[in-house]
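The next block holds one structure in the form of structure tokens; read it before the comments.
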Amino acid sequence: ALAVAQALPVRGRSASTDYSRDAFGTAWKDVDRNGCDTRNDILQRDFLTSIFKSGTGDCKVIGGTWIDPYSNESYTFSEPPSGAQIDHVVSLKNAWQMGADQWDDLTRTEFANDPLNLRVTIASLNQQKSDSNAASWLPPYKPGRCDFIATQVAVKAKWQLFVTESEKEVFITILSKPECETTQLPN
């Protein structure tokens with residue numbers, strides 16, 4: 001992960017004046033064509049246990065339990081999981097500012113639904129992170145920062161997005177720590 005982080009291209013942020021969430025398509029497509037939208041795919045992937053709405057072919061998740069990657073705390077929902085939100089690890093606005101403003105609509109929709117860039121997290125931490133990049137926000141659970149940064153690096157590399165100088169410095173600093181030295185990029 002460190003070698004890839006060191007090779008990421010640096011540039012300043014593009015203006016966000018033309019940014020709109022709508023530029024990334026309507027939320028939660030069924031991009032893998034398994035009959036479930038991306039949100040429900042990610043809930044199923046990240047939940048340790050899932051409760052499904054009957055009659056949806058084990059597709060619509062209405063509850064479950066998971067370990068939040070940003071806090072390392074366990075959460076359970078037995079109602080529609082409104083407290084469980086899907087975070088874009090590299091936010092859509094950050095992607096826009098770092099190169100996605102040049103993409104076509106289809107590419108932006110694919111990015112918004114890329115499982116590599118999506119994690120279930122608790123609503124309060126998702127809102128706290130918001131559109132921040134790694135230079136502005138890191139998970140409060142420090143041991144989880146290696147994987148968080150490796151995921152950001154993997155997403156930026158896969159989608160050929162730029163990074164700011166300060167963002168790259170954070171990537172390199174964290175991935176150079178002894179506890180992160182062997183961190184691999186997620187697939």
Shortest non-hydrogen contact from Thr56 toward Cys59: O-CB, 2.9 Å

Side-chain touch Tyr70/Tyr141, heavy atoms, less than 4.5 angstrom: no

Test log, rule side chain to side chain contact (heavy atoms under 4.5 Å, CB included), inputs Arg119 and Arg45: CA-CA 9 Å; Arg119 297 288 176 274; Arg45 182 196 71 190; 3.4 Å; yes

Side chain to side chain, Phe148 and Lys129, heavy atoms closer than 4.5 Å: yes

Side-chain hydrophobic cluster, 4.5 Å single linkage: members besides Ile67: Leu48

Same apolar cluster (I L V M F W Y, side chains within < 4.5 Å links), Leu125/Val90: no

Distance-only polar pair, side chains of Tyr19 and Asp131, donor-acceptor under 3.5 Å: no

Minimal non-hydrogen separation, Ser50 against Gln44, with atom names: OG-CA, 4.0 Å

Contact summary for Phe24 and Ser20, nearest pair of heavy atoms: CD1-O, 4.0 Å

Residues, nucleotides or ligands: over 12 heavy atoms within 6.0 Å of Lys60 NZ: no

Co-membership, hydrophobic cluster, residues Leu92 and Val120, 4.5 Å side-chain: no

Residues forming a side-chain contact (heavy atoms from CB on, under 4.5 Å) with Pro186, sequence neighbours excluded: Leu116, Ala150, Thr151, Ala154

Trp66 to Pro69 - nearest heavy-atom pair and separation: NE1-CD, 4.4 Å

Val4 and Phe171, any side-chain heavy atoms less than 4.5 Å apart: no

Parallel, tilted or perpendicular: rings of Phe111 and Trp159 (30°, 60°): perpendicular

Heavy-atom side-chain contact between Ile172 and Gln6 under 4.5 Å: yes

Single hit among Val61, Asp37, Ile86, Asn113 for side chain to side chain contact (heavy atoms under 4.5 Å, CB included) with Ile42: Ile86

Residue from Asn126, Asp68, Asp46, Asp87 passing side-chain hydrogen bond (donor to acceptor under 3.5 Å, both in side chains) with Thr121: Asp68

Full working for side chain to side chain contact (heavy atoms under 4.5 Å, CB included) between Phe77 and Ile51: CA-CA 9 Å; Phe77 291 96; Ile51 301 166; over 6 Å; no

same_hphob_cluster(Leu8, Val10) at 4.5 Å side-chain heavy-atom cutoff: yes

Spacing of CZ belonging to Arg39 relative to CD belonging to Gln85, to within rounding of 0.5 Å: 8.0 Å

Connected via hydrophobic side-chain network under 4.5 Å: Val31 and Val89: no

Spacing of CZ belonging to Phe52 relative to CD1 belonging to Ile62, to within rounding of 0.5 Å: 10.0 Å

From CG (Asn133) to OG (Ser166), nearest 0.5 Å: 6.0 Å

Inter-residue atom distance Arg11.CZ - Met98.CE, 0.5 Å rounding: 5.5 Å

Cluster check Ile149, Leu161: I/L/V/M/F/W/Y, side chain < 4.5 angstrom: no

Shortest non-hydrogen contact from Ala1 toward Gln184: CB-C, 4.3 Å

Arg108 (side chain) donor-acceptor with Ala23 (main chain) under 3.5 angstrom: yes

CD (Glu181) with more than 12 external heavy atoms under 6.0 Å: yes

CA sep, side-chain torsions, deciding dist, call: Thr38, Leu118, side chain to side chain contact (heavy atoms under 4.5 Å, CB included): CA-CA 9 Å; Thr38 302; Leu118 300 170; 3.5 Å; yes

Pairwise side-chain contact, Glu167 with Asn94, heavy-atom cut-off 4.5 Å (strictly under): yes

Atom pair OG1 (Thr109) and CG (Asp104), whose distance is rounded to the nearest 0.5 Å: 8.5 Å

Student check: side-chain heavy atoms of Lys158 and Leu185 closer than 4.5 Å: no

Heavy-atom side-chain proximity of Val153 to Leu175 below 4.5 angstrom: yes

Check ion pair Lys142-Glu179 (N to O, under 4.0 angstrom): no

Min side-chain heavy-atom separation His88-Asp114 under 4.5 Å: no

